[in-house]
Enquirer: 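What follows is a structure written as structure tokens; I'll ask about it next.
Here is how names work: the chains are called A, B, and so on, in the same order as the sequence lines, proteins then strands, and each is numbered from 1.
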Protein chains: 4
Amino acid sequence: MASRGDATRDRLLDATIQLVRDVGYAQTTTRAIAQAAGVAEGTLYRHYPDKAGLFAAAVGRQSAPVTAWARDLPARAGAGTVAGNLTDCLTRLATLRTDIVPFELAMLTDPDLGRAAAAARTAEPGPPEFLTQYLQAEQHLGRIRADLDPAKIAVVLLATLFGLAVPSQRTTDALGGSWPDITDAVHILIDGIGTPARPDDTARPAADHR
Amino acid sequence: MASRGDATRDRLLDATIQLVRDVGYAQTTTRAIAQAAGVAEGTLYRHYPDKAGLFAAAVGRQSAPVTAWARDLPARAGAGTVAGNLTDCLTRLATLRTDIVPFELAMLTDPDLGRAAAAARTAEPGPPEFLTQYLQAEQHLGRIRADLDPAKIAVVLLATLFGLAVPSQRTTDALGGSWPDITDAVHILIDGIGTPARPDDTARPAADHR
Amino acid sequence: MASRGDATRDRLLDATIQLVRDVGYAQTTTRAIAQAAGVAEGTLYRHYPDKAGLFAAAVGRQSAPVTAWARDLPARAGAGTVAGNLTDCLTRLATLRTDIVPFELAMLTDPDLGRAAAAARTAEPGPPEFLTQYLQAEQHLGRIRADLDPAKIAVVLLATLFGLAVPSQRTTDALGGSWPDITDAVHILIDGIGTPARPDDTARPAADHR
Amino acid sequence: MASRGDATRDRLLDATIQLVRDVGYAQTTTRAIAQAAGVAEGTLYRHYPDKAGLFAAAVGRQSAPVTAWARDLPARAGAGTVAGNLTDCLTRLATLRTDIVPFELAMLTDPDLGRAAAAARTAEPGPPEFLTQYLQAEQHLGRIRADLDPAKIAVVLLATLFGLAVPSQRTTDALGGSWPDITDAVHILIDGIGTPARPDDTARPAADHR
DNA sequence: GATGAATGAGTATTCATTCAT
DNA sequence: CATGAATGAATACTCATTCAT
């Protein structure tokens, strides 16, 4: 049973997310939010302690479905192919996180906002943990190299995903025409960019690459 | 012969870079910059047309040595190991770019600033182009898989580097303890995370990974 | 039913008009206006888009009663004497326009302000048009020389009025003691300063005066 | 023998007059003046105590030739026609004063500037006095109505001249197409706008027009 | 005399937040 | 619960003036 207050809260969160996505964090003022939500400026403070609190709630609401979906990830180990699973996973994360990235950038730009969001965050496991668990499971099944730390792989995967979602302007200008999609990135990460060791290689120690 | 004006310009750039790094772009006001540089607020505008111009100059000064260094990159193809070269390259980029990342974030957060910086940027080739050239050269030497687009590899490498340098708060909280260093990341990217196809594997075609 | 906002708007306009009249446009800062109006500086921007908008509104409010009064002017043609009507008209214009002159001067000094005011101005007829119509009507009644363009007469009348209201400092210093009032000026303009043609003058064509 | 300092002073005055005429007083900053004069900003203060002093000097230099010319005016009484003399006089004043009007406006807008200029002004007679003397002389010759105060006529003439030179924006918009030239204005002022008394009028009392 | 870098008080404007209605 | 007018500290930027060179 959604009360009037709940509806107002939803409208405020919708407006916030839309504005941050469309005009950027710098232009997302409380006045703009209230106007987009169709409420008075003061109303915002009836539902959230301050602007940072509203933003934290927006991030939270956006994160919830992503986290819910990621919960099933470990159970998929062994099914299909690793590449398929990761492509699926990262594609979904990318899609769902599109609206979150501007918030993450804003938090990095404005430490105060970051602190507020961190305070609002629960300690529950999220995509990073679930992805790590999935990779660990695949490692036990022999489908991921045994000499790698699953957590580190997860960080590299998520970092690459983030880096592709938030490209430095300079790189976009230079190489925007060859921008890889997630399938490309997963392919590179799964198989590596190095030429595979040939069967007659007597030894192909990791040290070769260091 | 450094004139007084040059010294002031340097002090302003130093102060800007330091403040953006330490307190974030949002708090880097013209007043704070002038104070940190030990000059009056008006002095800033004797040397730069406006705040965005100052930031663009700061980015430019930071970028110059990186670009200069990256110019030699393609010539290193074939020497040492690919992993070693890339680790060296990315380590250097990471070190040098530490101060640039906050600016890139600020540009993403504040479109106006991004526009000003883009206007000040020259069309000269930079790290993305040089890295692409290096990868292409290695590919011709047979040390990089022939089926990959060097530009896409470059983007993935730089995106990963960027993503590791600017971690989403959420991931840091979850997996900060297992944060990979650049050597780890290069290792993963060179060899891939998948278990290598063994020669006697009757069927473990690359398709498995797609 | 005057809302609180209307009262604030009025106070802002009053303060603006008073300050421009008393301390001059150059000293009429937003801070001074807000202080004189007894509101915070930011309040100004809740009611007007910017300083120029406030000034345009002030001019508009001052002009309204003048224009309303001038509307009846043409209908007075034929009644009383021309001199009486014009003296009445110009006296009234002078009185009502006392507060407008500083704004007109400010617009001439600061082109930006002039543009803003011009944008806010309606195309409706005002004193210049009504005065022209009045003069035209009197001309048809034979009380104004037939060889003069009513519009040009109106311009000369208004220019003289303006010139008397905004005297050059130099002239005031020199002849301030003999400053003519509006009755004097109208007398001069109606009858002319030249000695009237005497009946026995055989010909005294207008060309004599050129 | 013009020293270097004299040349610099001249360049500063030229630049000031040109800028005030072209871009308006509000935009005539000391920096713009120095740049237009081709000198450093600080140089201005070597020759004039402050900005107001420079402006006062500029007004003074502009006024000198006008005053010199006007000195001969009273001696012309009786020669040619009154209309011709006045048209000539006012035309010349208008031409010469074109560059002064913006300064007079600026003084009216900014009382501080006006005070500085007044302080710099000499008590010597100028155009207002000379025009008054001329009118008085013509009056004695019977070419100007005897019932008018010459000083008041002079003020009305100069006020009209000023009003025509600095038209209120509103009037220009409305009647700009019928803007009278000086000949028109003099014609109106000499002969008046009222219909002339007919010869058979036994009396042509002023009361007719009041 | 001339320079031009430095100054710092001052400007218009923004915006998160409060509070009387 | 909701409103929206009011707030005032903060911001980027300007400009007349000073002073070491």
Enquirer: Return the nearest nucleotide to the side chain of D:Ala40; candidates are F:dG8, E:dG4, F:dA5.
Expert: E:dG4
Enquirer: Give one of base, sugar-phosphate or nothing for D:Thr30, where a contact means two heavy atoms less than 4.0 Å apart.
Expert: base
Enquirer: Picking from E:dA2, F:dA16, F:dA5, which would you name as closest to the side chain of D:Thr29?
Expert: F:dA16
Enquirer: Would you mind reading off the distance between A:Asp110 atom CG and E:dC15 atom P, rounded to a whole angstrom?
Expert: 14 Å
Enquirer: Counting the atoms with a prime plus P, OP1 and OP2 as sugar-phosphate, which does D:Thr43 contact under 4.0 Å by heavy atoms, base, sugar-phosphate, or nothing?
Expert: base
Enquirer: Looking at A:Arg9 and A:Asp6, is any side-chain nitrogen of the basic one under 4.0 Å from a carboxylate oxygen of the acidic one?
Expert: yes
Enquirer: On DNA chain F, check which nucleotide each of D:Pro49 and B:Leu44 is closest to and give me the residue with the more 5' one.
Expert: B:Leu44
Enquirer: Of all the choices, F:dT7, E:dA5, F:dT17, which nucleotide is nearest to the side chain of C:Val39 once you look at every atom?
Expert: F:dT7
Enquirer: Partner lookup for E:dT21, please. Criteria are Watson-Crick or G-U wobble with both distances under 3.5 angstrom; report none if nothing qualifies.
Expert: F:dA2
Enquirer: Can you identify which nucleotide, out of F:dG4, E:dA2, F:dA16, has its nearest atom closest to the D:Arg46 side chain?
Expert: E:dA2
Enquirer: For the side chain of B:Tyr45, starting at C-beta, report the closest nucleotide among F:dC13, F:dT18, E:dT13.
Expert: F:dC13
Enquirer: Closest nucleotide of DNA chain E for A:Gly42 versus for D:Gly42: which of these residues is on the 5' side?
Expert: D:Gly42
Enquirer: Do A:Tyr48 and A:Phe55 make the cut of ring centroids closer than 6.0 angstrom?
Expert: no
Enquirer: How far does CD1 of A:Ile33 sit from CZ of A:Arg31, to the nearest 0.5 angstrom?
Expert: 12.5 Å
Enquirer: Would you kindly give the OH-to-P distance between B:Tyr48 and E:dA6, to the nearest whole Å?
Expert: 11 Å
Enquirer: Return the value, rounded to whole Å, for the distance between atom CG of A:Leu54 and atom P of E:dT17.
Expert: 10 Å
Enquirer: B:His47 has a side chain; which of E:dA5, F:dT17, E:dA16 sits nearest to it?
Expert: E:dA5
Enquirer: For A:Thr8 and F:dA2, is the shortest distance between a side-chain N/O and OP1 or OP2 below 4.0 Å?
Expert: yes
Enquirer: Provide the closest heavy-atom pair for D:Ala32 versus D:Gln27 in the form atom of the first, atom of the second, distance.
Expert: CB-O, 4.3 Å
Enquirer: If you measure from CG on C:Leu19 to OH on C:Tyr25, what distance do you get to the nearest 0.5 Å?
Expert: 13.0 Å
Enquirer: Expressed in angstrom and rounded to an integer, what is the separation of D:Glu41 atom CD from F:dC19 atom P?
Expert: 16 Å
Enquirer: Find the distance B:Leu12:CG to F:dA12:P and express it as a whole number of Å.
Expert: 14 Å
Enquirer: Rounded to the Å, how far apart are D:Arg9 CZ and E:dG1 C1'?
Expert: 11 Å
Enquirer: Rounded to whole Å, please give me the gap between CG in D:Leu19 and P in F:dA16.
Expert: 12 Å
Enquirer: Within this structure, what is the CZ-to-P distance between A:Arg31 and F:dT7, rounded to whole angstrom?
Expert: 14 Å
